[in-house]
Amino acid sequence: QKEVEQDPGPLSVPEGAIVSLNCTYSNSAFQYFMWYRQYSRKGPELLMYTYSSGNKEDGRFTAQVDKSSKYISLFIRDSQPSDSATYLCAMSVPNNAGNMLTFGGGTRLMVKP
Amino acid sequence: EPEVTQTPSHQVTQMGQEVILRCVPISNHLYFYWYRQILGQKVEFLVSFYNNEISEKSEIFDDQFSVERPDGSNFTLKIRSTKLEDSAMYFCASSVPRANQPQHFGDGTRLSIL
């Protein structure tokens, strides 16, 4: 079983739609969860960071973590064409000397005007 | 907003040659990382570096690889005797000097081995 799984997409939605992106994981030691956005030929850009179960909201983005189900989600409200990118989930175990991130494979999102 | 910068953006090297990839982390960050992404595959962790030493490395990071902080601003990844399968995007990341903080990534160096 892969450590972090993510549907590769592509996911195509109309502008203004609510987007739901998801990752599942197998390692219950993961305690820190991140969502990154990656545009073509660019590096991952941090969107959300959370370490507890529940919801965290930042503007149009909401990150949701369910540690009991080993499932995390990113919701994007009022999606825009500029949101078209690949979305990567990443997670890590607690570590006092820098934490290695384990990434999902990414979901490609296309928001059509 | 401060950012991680990487040079060069694209490096073409003959198989067997040595290559050095360079990174300037965000100035108040003290944890540094290298990741790679082979085309069409996941981003994979290579190594983390703190207080002038490697704190963690993956099984990918073998004797062919080394990292160095040669001065107060640069962080480098050296790949010796490059192989075709080393062709990938290499990303540098950094984070603040507190454990378990999110990492900020540069835009990467595309390494092509011929």
Quiz prompt | Which of Asn51(B), Leu30(B), Asp107(B) touches chain A most, by non-hydrogen pairs under 4.5 Å | solution = Asp107(B)
Quiz item: chain A: which of Met89(B), Gln37(B), Gln41(B) shares the most heavy-atom pairs with it under 4.5 Å?
Solution: Gln37(B)
Review item, side-chain donor-acceptor pairs of residues 100-113 of chain A, under 3.5 Å, at least two apart:
residue	atom	partner	partner atom	Å
Thr107(A)	OG1	Asp7(A)	O	2.4

Quiz item: Where does Gln38(A) contact chain B at under 4.5 Å (heavy atoms): side chain, backbone, both or neither?
Solution: side chain
Self-check item: Heavy-atom proximity to chain B below 4.5 Å, by part of Tyr39(A)
Solution: neither
May I ask you to decide if the ring planes of [X] and [Y] are parallel, tilted or perpendicular, using 30° and 60° as cut-offs?
| X | Y | answer |
| --- | --- | --- |
| Tyr36(A) | Phe105(B) | perpendicular |
| Phe75(B) | Phe49(B) | tilted |
| Tyr35(B) | Phe45(B) | perpendicular |

